[in-house]
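Here's the structure, in structure tokens; my notes come after.
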Amino acid sequence: MGVIALAWWQLALVALMVVALAGCTMLARLEMGRSLLIAAARTVIQLGLVGLVLEALFSAARFHWVALMALGMLLIAGREVMARQTRRLRGGWAFGIGTVAMFLSSFTVTVLTLTVIIGPEPWYRPQYAIPLLGMMLGNTMTGVALALDRLTDTAWRQRAVIENRLMLGQRWQEAIGDIRREAMRSGMMPMINAMAAAGVVSLPGMMTGQILAGSPPALAVKYQILVMFTITLGTGFGTLAAVAAGSRRLFDGRERLRLERLSAPR
């Protein structure tokens, strides 16, 4: 059984519902209507362009094009991590730490999954590599952004506590240890909740898409388990790396708290 094709008028009908929702938010004075409409427009434009790029990429199936696409996705994800932080590190550190953490975690787990577990031929086959990397980066980006935001904001709010601990002779790792742990928990909690609710509260997106495309439910379940485990690995390791690097940046070589390295809240 094939996939039921969607006409443009059907998508336009759903878009009108989104416009109606934006109107309701304006009437309720939530100040979210404009943001909702811009986000919806970006969704249409971005996904439309990505669809065209992926069609060309799938036809070419060359390693350098796949690598270029992956690099672009990584850089955009790094920018989003930086943009989602209330008090971000100055001098490009917010972008650099988030991007490197996602590269080390998401790319490593994706390559291992493609080469060792799934095993497409070639291993960088874009039909597998790009969707898997996209899911990895999307979730890792959220985890890293939440963790870094919690780290920097809490460090700013509890600066007096941290400095008192330093004056009492604690190392910087001890002085900020509880804040680091809470930041790491906040970054990993969404994926833990998603795994706990999978199949009971919700059907995950990849599994739903495969079932709608006609794949047997048992096969869809196997792929969804694989994806959720790999996403959890990428998010977990990325969060741990980002918080470790970010917390170190908050202190200098003499173990003094340097909150001037944080930007003002946006």
Side-chain angles (χ1 to χ4, degrees), residues 2-3 42-84 92-145 187 191 194 204-216 219-242 245:
V3 181
R42 285 186 59 179
T43 297
V44 174
I45 295 171
Q46 291 169 183
L47 289 180
L49 292 175
V50 166
L52 295 175
V53 171
L54 288 179
E55 285 189 359
L57 187 64
F58 289 177
S59 300
R62 296 290 188 270
F63 175 77
H64 58 277
W65 291 119
V66 175
L68 183 62
M69 179 78 175
L71 177 62
M73 294 165 63
L74 174 66
L75 294 178
I76 294 173
R79 181 197 172 279
E80 289 298 316
V81 166
M82 180 179 65
R84 295 184 186 188
W93 282 91
F95 175 83
I97 289 175
T99 303
V100 171
M102 287 188 294
F103 174 78
L104 294 176
S105 58
S106 296
F107 275 68
T108 301
V109 175
T110 299
V111 171
L112 286 175
T113 302
L114 290 171
T115 56
V116 178
I117 300 175
I118 300 178
E121 190 60 41
W123 66 268
Y124 55 84
R125 187 174 175 184
Q127 288 89 336
Y128 289 88
I130 297 301
L132 181 60
L133 180 61
M135 288 184 286
M136 290 285 295
L137 284 176
N139 288 272
T140 304
M141 174 187 71
T142 300
V144 169
M191 277 311 305
M206 181 177 180
M207 176 180 170
T208 303
Q210 284 189 305
I211 292 175
L212 290 175
S215 297
L219 179 61
V221 166
K222 291 179 182 178
Y223 267 97
Q224 188 60 59
I225 293 173
L226 171 66
V227 167
M228 295 201 76
F229 282 177
T230 54
I231 286 175
T232 302
L233 288 172
T235 303
F237 286 124
T239 298
L240 295 177

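Side chains included, hydrogens not; waters and symmetry mates left out as well; all remaining heavy atoms used.
Considering only heavy atoms from C-beta on, Leu54 stays 4.5 Å or farther from Pro126 through its side chain. Using a 4.5 Å heavy-atom threshold, the side chains of Thr142 and Met191 count as separate. In this structure, Leu233 and Met136 have side chains that are not in contact, with every pair of non-hydrogen atoms separated by 4.5 Å or more. The shortest side-chain heavy-atom distance between Leu104 and Phe237 does not fall under the 4.5 Å cut-off.
Sorted by first then second residue, the side-chain hydrogen bond (donor to acceptor under 3.5 Å, both in side chains) pairs that include residues 63-72, not counting sequence neighbours, number zero.
Across every non-hydrogen atom of Gly78 and Met102, the tightest pair is N-CE, 3.4 Å. Closest heavy-atom contact between Ala129 and Val66: CB-CG1, 4.4 Å. Counting all heavy atoms, side chain and backbone alike, Arg42 lies closest to Glu80 at NH2-OE2, 4.5 Å.
Remark: Leu226 engages Thr113, Ile117, Ile118, Thr230 in a side chain to side chain contact (heavy atoms under 4.5 Å, CB included) (not counting sequence neighbours). Contacts of Phe107 classified as ring pair (Phe, Tyr, Trp, His ring centres under 6.0 Å), with partners at least two apart in sequence or in another chain: Phe103. Remark: Tyr124 pairs with Phe63 by the ring pair (Phe, Tyr, Trp, His ring centres under 6.0 Å) rule, at least two apart or across chains. Listed by chain and number, the residues in a side chain to side chain contact (heavy atoms under 4.5 Å, CB included) with Thr99 are Leu74, Phe95 (sequence neighbours excluded). Looking at residues two or more places apart in sequence or on another chain, you find a side chain to side chain contact (heavy atoms under 4.5 Å, CB included) between Thr115 and Val111, Trp123.
A side-chain hydrogen bond (donor to acceptor under 3.5 Å, both in side chains) with Ser106 is found for exactly one of Asn139, Thr235, Thr140, namely Thr140.
Here Met73 contributes atom CE and Leu133 contributes atom CG; the two are 4.5 Å apart, rounded to the nearest 0.5 Å. In this structure, the separation between CE on Met135 and CE on Met228 is 11.0 Å, given to the nearest 0.5 Å. Within the model, atoms CD1 of Ile231 and OG of Ser105 stand 12.0 Å from one another, a figure rounded to the nearest 0.5 Å.
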